[in-house]
2 protein chains.
Amino acid sequence: MKRIHQTLATCGLRPTRQREHVYHVLLQQRDHPTAEEIFLRAKSEMPTISLATVYNCLEALEEFGLVKQVNMQRAATRYCPNMHDHHHFHCDACENVFDVPVSSPTPKSDVKLPSGFQVSGREVTLRGLCPDCGNGKRKVRRNG
Amino acid sequence: MKRIHQTLATCGLRPTRQREHVYHVLLQQRDHPTAEEIFLRAKSEMPTISLATVYNCLEALEEFGLVKQVNMQRAATRYCPNMHDHHHFHCDACENVFDVPVSSPTPKSDVKLPSGFQVSGREVTLRGLCPDCGNGKRKVRRNG
DNA sequence: CTAGGTGCAAAAGGTTTGCGGTTAA
DNA sequence: TTAACCGCAAACCTTTTGCACCTAG
């Protein structure tokens, strides 16, 4: 928790209790919770925190490069504190989101961008069934 | 337009005037309009069509594999009638979305998926500046 | 001390839904 | 003929905003 405080300060982000707590909640579980889910988890240990504050904190954390947004089809934005180069896998059944490591560090070679485009970011999302849902087990709802 | 009728029928999708028109509107311009934009364009030639119907039509077209959704960060879903394997480029300035051809047909080789995952789809989105916005020209708002 | 953050409640999009009337096969 | 679709309006969900109070530096 002291580390989190340090991390925020180092980024130039004013380390408030709420921001530290929201970031802490994100680091605690390796899933990709929605703002609402983050709010509920944060609230359990900090009852006075509001949803709007969670959104504010997430926006600040994103701006300072500590979390990334993950957007799925027609679903609420999810947040990911893993800033290493990786892809995402979205299970169509349980809607959990998993990190997928990449072997080579961003092989941009497979795209033919017409000249003039300046690329600053790249996002890869895979869809399908995760091991639990593919094995015929019942659909597991995210979070808990 | 007769072709569109045929296409819908061939897919097993009941070809109604509204669906044909929505699909027609999507094919007419090579951009990636939002539902609202599609609604406005459709309305100009079919004044009685409603936004809900546009959503219904888009949902049906998507279900039958004629269009794909393209989701950007915190923005309205956009729709793309190009069903060939391709990526998307999202301009951070003007927010236009461009299709990006891929050289090799889906090189899945660069991801290390843990066993048990069944992949059914893959979506790649690049972000940055398009030629117009990168060249210092003023930001061009999408559509018109 | 003060710029910026927080909590609250209300509003603003974007999308979905319920229902009576309509239409394509 | 009839199951599916359409138009309308209202609901719904996620996210943003305005404002008074508070807090970290």
Side-chain angles (χ1 to χ4, degrees), chain A residues 1-2 4-23 25 32-40 42-43 45-64 66-67 69-79 95 142-143, chain B residues 1-2 4-23 25 32-40 42-43 45-64 66-67 69-79 95 142-143:
Chain A
M1 205 60 178
K2 194 66 186 172
I4 289 178
H5 186 95
Q6 266 311 314
T7 304
L8 299 201
T10 303
C11 288
L13 184 56
R14 187 198 243 183
T16 67
R17 286 196 312 124
Q18 288 83 351
R19 285 173 180 173
E20 290 171 17
H21 188 49
V22 165
Y23 191 40
V25 159
H32 298 68
T34 63
E36 179 80 25
E37 285 161 358
I38 294 165
F39 169 57
L40 292 176
K43 199 173 181 173
E45 292 183 35
M46 184 184 279
T48 61
I49 200 171
S50 71
L51 180 55
T53 293
V54 168
Y55 273 108
N56 284 338
C57 292
L58 289 171
E59 189 181 334
L61 290 170
E62 194 199 6
E63 189 183 340
F64 284 76
L66 293 175
V67 308
Q69 292 188 12
V70 186
N71 288 54
M72 298 300 156
Q73 303 286 82
R74 298 195 191 195
T77 300
R78 290 163 178 282
Y79 294 84
E95 296 197 5
R142 65 183 171 284
N143 178 34
Chain B
M1 205 60 177
K2 194 64 185 172
I4 289 179
H5 185 95
Q6 266 311 313
T7 304
L8 299 202
T10 302
C11 289
L13 184 55
R14 188 198 238 182
T16 68
R17 285 194 315 119
Q18 288 84 349
R19 286 173 179 173
E20 290 171 17
H21 187 50
V22 165
Y23 191 40
V25 158
H32 298 70
T34 63
E36 179 78 27
E37 285 161 358
I38 294 166
F39 169 57
L40 293 176
K43 199 173 183 175
E45 292 182 37
M46 185 185 278
T48 61
I49 200 171
S50 72
L51 180 56
T53 294
V54 168
Y55 274 107
N56 284 337
C57 292
L58 290 171
E59 188 181 334
L61 290 171
E62 194 200 6
E63 188 183 340
F64 284 77
L66 293 174
V67 308
Q69 293 188 12
V70 186
N71 288 55
M72 297 301 156
Q73 303 287 80
R74 298 194 191 194
T77 301
R78 290 164 177 282
Y79 294 85
E95 296 198 2
R142 63 181 173 283
N143 178 32

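Chain identifiers are assigned alphabetically (A, B, ...) following the order of the sequence lines, protein sequences preceding nucleic acid strands; residue numbering begins at 1 within each chain.
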Nearest whole Å is fine: how far is [N] [atom2] from [X] [atom1]?
X	N	atom1	atom2	result
N56(B)	dG7(D)	CG	P	9 Å
L51(A)	dC13(D)	CG	C1'	11 Å
H5(B)	dT23(C)	NE2	C1'	13 Å
E63(A)	dG4(C)	CD	C1'	13 Å
Q69(A)	dT16(D)	CD	C1'	13 Å
R17(B)	dA24(C)	CZ	P	7 Å
R78(B)	dG14(C)	CZ	C1'	13 Å
Q18(B)	dG7(D)	CD	C1'	9 Å

Is the distance from OP1 or OP2 of [N] to the nearest side-chain N or O of [X] less than 4.0 Å?
X	N	value
T48(B)	dG7(D)	yes
R14(B)	dT23(C)	no
Y55(A)	dT15(D)	yes
T16(B)	dC5(D)	no
T77(B)	dT15(C)	yes

- Between L13(B) and E59(B), name the one whose nearest nucleotide on DNA chain C is closer to the 5' end.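 Nearest nucleotide further toward 5': that of E59(B).
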
Closest contact, heavy atoms only, [X] versus [Y]:
X	Y	value
L13(A)	R19(A)	CD1-NH1, 3.3 Å
H32(A)	R78(A)	O-NH1, 2.7 Å
M72(A)	V70(A)	CE-CG1, 3.2 Å

- How far does CD of E36(A) sit from OG1 of T77(A), to the nearest 0.5 angstrom? 13.0 Å

- Message: Quick check on Q6(B): does its CD atom have over 12 non-hydrogen neighbours (other residues, nucleotides or ligands) under 6.0 Å away?
- Response: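 For Q6(B), atom CD is not crowded (no more than 12 foreign heavy atoms under 6.0 Å).
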
- In terms of side-chain heavy atoms of A52(B), which of dT6(C), dG7(C), dC8(D) is nearest?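 That would be dC8(D).
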
- Message: Nearest to the side chain of I49(A), heavy atoms from C-beta on, is which of dT15(D), dG5(C), dG7(C)?
- Response: dG7(C)

